[in-house]
Number of protein chains: 2
Amino acid sequence: MQFDDKVPIYYQIKNYLYHRMVAGELGLGDKLPAVRQLAVDLTVNVNTVQRALREMIAEGYIAPQRGRGNFVTQDAAKIATLKQQLTTTYIQDLYGQLHALKLTDAEIIAEIKAYIQHRGDADD
Amino acid sequence: MQFDDKVPIYYQIKNYLYHRMVAGELGLGDKLPAVRQLAVDLTVNVNTVQRALREMIAEGYIAPQRGRGNFVTQDAAKIATLKQQLTTTYIQDLYGQLHALKLTDAEIIAEIKAYIQHRGDADD
DNA sequence: ACTAGTGTTATATCTTTCTATAACACTATA
DNA sequence: TATAGTGTTATAGAAAGATATAACACTAGT
């Protein structure tokens, strides 16, 4: 994984894991990869992984079991809420940015549609 | 202005000024506020402002005149390109994020429309 | 010449993030 | 009861970003 050097790595790891949870790649109650394994996979230090997990644990998305591993919460509603939160936040940010650039609502939607259209010509 | 503590302040200042340039609040050839004034307005150190300006100068968006002030480039095409770049980057980011959350193209557009609709009920 | 307004640069110090390394604590299984 | 796999914590050092403070360089108007 490649990181944006403008944002703390531990923070990006949090978001990465949240994404995988919301996307269902890490299901309810699933065991996460071992911290040392995550550190190797992400090419970062164990402490950095732990920093991310610590916060996710504090927020209740991950339940740690000493000696056994870290597990995704069983709370489906919590994940659903997270998905909605992330979605809204991203859209809110985009809208704020483009609005600041003086694009109208119509232009914003048009630009997005154009991007998706244009994108269909390629992969995915 | 309030800063996101997850991103370097100098970097946020750059984006803030780019936005103002693209939005036309800082027109072609306009003089920017004095660096010390900017520092006061943004509640930030002069060196931090200078760090942002230095990069913008290197990128050719600002032309400094020692003893007189900093001036927005006269190159209209450069600003137009910047606007397009910023717009595309933001949309690309949003799409990438929501796609990673497993939202379909249709859902993405629907969510954005819903947000804008819902937003019309309020301010602006 | 002086002065006020401007950009530019430098130093020392603090905080946050990240790293390498190591040790400690617990679980499960051979 | 060893041992391998796991989470947890600590220490010391490096690097980046900000800060306060100060000095230097140039321009324009008096």
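In the text below, chain A, chain B and the rest are named by the order of the sequence lines, each starting its count at 1.
Of the two residues near DNA chain D, B/Arg51 and A/Gly69, the one whose nearest nucleotide lies more 5' is A/Gly69.
Atom-to-atom, CD1 of B/Ile13 to P of D/dG17 comes out at 13 Å; the value is rounded to the nearest Å. Taking atom CD1 on A/Ile62 and atom C1' on D/dT6, their separation rounds to 15 Å, with Å as the unit. Atom C1' of nucleotide C/dT17 and atom CZ of A/Arg54 are separated by 12 Å, given to the nearest angstrom. As a whole-Å value, the separation of B/Gln37 CD from C/dT6 P is 8 Å. The distance from atom CG of A/Asp5 to atom C1' of D/dA14 is 17 Å, rounded to the nearest whole Å. Here C/dT8 presents its P atom at 14 Å from CD of B/Glu55, a figure rounded to the nearest Å. Following rounding to the nearest Å, A/Leu32 (CG) and D/dT8 (P) show an atom-to-atom distance of 11 Å. The NZ-P distance, from A/Lys14 to C/dT17, rounds to 11 Å in whole Å.
For the pair A/Tyr90 and A/Leu86, the minimum side-chain heavy-atom distance is below 4.5 Å. For the pair A/Arg54 and A/Tyr10, the minimum side-chain heavy-atom distance is 4.5 Å or more.
Side-chain contact annotation: A/Thr88 with A/Gln84, donor-acceptor N/O pair under 3.5 Å present.
Among the nucleotides D/dT9, C/dT19, D/dT6, the one closest to any side-chain atom of A/Val44 is C/dT19. For B/Val35, counting side-chain heavy atoms from C-beta on, the closest listed nucleotide (C/dG7, D/dG17, D/dT8) is C/dG7.
Looking only at distances, a side-chain donor or acceptor of A/Gln12 sits under 3.5 Å from a matching main-chain atom of A/Val7. One N or O on the side chain of A/Glu107 and one on the backbone of A/Thr104 form a donor-acceptor pair closer than 3.5 Å. Proximity of a side-chain donor or acceptor of A/Gln65 to a complementary backbone N or O of A/Phe71 within less than 3.5 Å is not detected.
B/Thr48 has no side-chain polar atom (N or O) that falls below the 4.0 Å cut-off from OP1 or OP2 of D/dG17. Note on B/Asn70: a side-chain N or O is less than 4.0 Å away from OP1 or OP2 of C/dG7.
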At under 4.0 Å between heavy atoms, which parts of nucleotides 21-30 of chain D does protein reach? Answer with one letter per nucleotide, 5' to 3': B base, S sugar-phosphate only, - none.
B-B-BBSS--
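Remark: A/Lys102 engages B/Glu25 in a salt bridge, criterion side-chain N to carboxylate O under 4.0 Å.
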